[in-house]
Amino acid sequence: MARLLRLRPMLDKGGNTRSPTYKLMSAGLWPRPVKIGPRAVAWPEHEVDAVIAARIAGKSDDEVRALVAKLHAARGEGAAS
């Protein structure tokens with residue numbers, strides 16, 4: 001079953017604070033959130049877990065960027081969404 005993480009649980013899981021996490025998203029190194037309401041977003045837990053696992057495995061920034069792009073593509077998003 002897919003779970004969605006709101007901001008605080010996602011930050012806790014990722015081990016980062018808000019500003020650095022948004023910088024990682026801008027650099028393509030962290031998954032972007034999905035809209036769950038008019039003023040609410042959340043992150044698919046499996047995507048957060050995949051990026052964390054890649055970092056633990058020692059993947060390079062380029063490899064993580066490729067992973068994030070693949071995760072976004074699986075959602076049906078284009079590269080620039």
Side-chain angles (χ1 to χ4, degrees):
M1 172 156 88
R3 280 188 42 173
L4 295 172
L5 301 173
R6 293 299 305 266
L7 181 64
R8 177 59 40 209
M10 182 276 298
L11 293 174
D12 290 344
K13 190 166 204 162
N16 228 334
T17 57
R18 184 183 190 129
S19 182
T21 299
Y22 277 91
K23 285 180 183 175
L24 289 171
M25 279 188 264
S26 292
L29 296 169
W30 194 258
R32 291 183 304 271
V34 294
K35 213 162 180 38
I36 60 171
R39 295 179 55 192
V41 297
W43 285 258
E45 187 174 37
H46 73 279
E47 293 182 5
V48 171
D49 290 343
V51 172
I52 292 169
R55 285 299 185 190
I56 290 170
K59 301 293 183 184
S60 70
D61 282 356
D62 289 338
E63 291 171 313
V64 173
R65 250 185 225 99
L67 170 63
V68 170
K70 180 179 173 184
L71 292 168
H72 288 163
R75 292 184 194 173
E77 293 184 9
S81 289

What closest approach, in Å, do [X] and [Y] show between heavy atoms, and which atom pair accounts for it?
| X | Y | result |
| --- | --- | --- |
| Pro31 | Arg75 | CB-NH2, 4.1 Å |
| Ala42 | Pro44 | O-CD, 4.0 Å |
| Thr17 | Thr21 | O-OG1, 2.8 Å |

Side chain to side chain donor-acceptor pair (under 3.5 Å) contacts in which one or both residues fall within residues 49-64, not counting sequence neighbours: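 Side chain to side chain donor-acceptor pair (under 3.5 Å) check on residues 49-64 returns Lys13-Asp49, Arg55-Asp61, Ser60-Glu63, Asp62-Arg65.
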Arg18: what forms a side-chain hydrogen bond (donor to acceptor under 3.5 Å, both in side chains) with it, not counting sequence neighbours?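 Testing Arg18 for side-chain hydrogen bond (donor to acceptor under 3.5 Å, both in side chains), a comparison that skips the adjacent residues, returns none.
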How would you list, by chain and number, every residue that makes a side-chain hydrogen bond (donor to acceptor under 3.5 Å, both in side chains) with Lys23, sequence neighbours excluded? none
Sorted by chain and residue number, the salt bridge (charged side-chain N to carboxylate O under 4.0 Å, His left out) partners of Arg39 (sequence neighbours excluded) come out as none
Give me the other members of the hydrophobic cluster that Leu67 sits in, counting Ile, Leu, Val, Met, Phe, Trp and Tyr linked by side-chain heavy atoms under 4.5 Å, directly or via other members.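 Result for Leu67 is Leu5, Leu7, Met10, Leu11, Tyr22, Leu24, Met25, Leu29, Trp30, Val41, Trp43, Val48, Val51, Ile52, Ile56, Val64, Val68, Leu71.
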Listed partners of Ala74 passing side chain to side chain contact (heavy atoms under 4.5 Å, CB included), at least two apart: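 For Ala74 there are no side chain to side chain contact (heavy atoms under 4.5 Å, CB included) partners, ignoring immediate neighbours.
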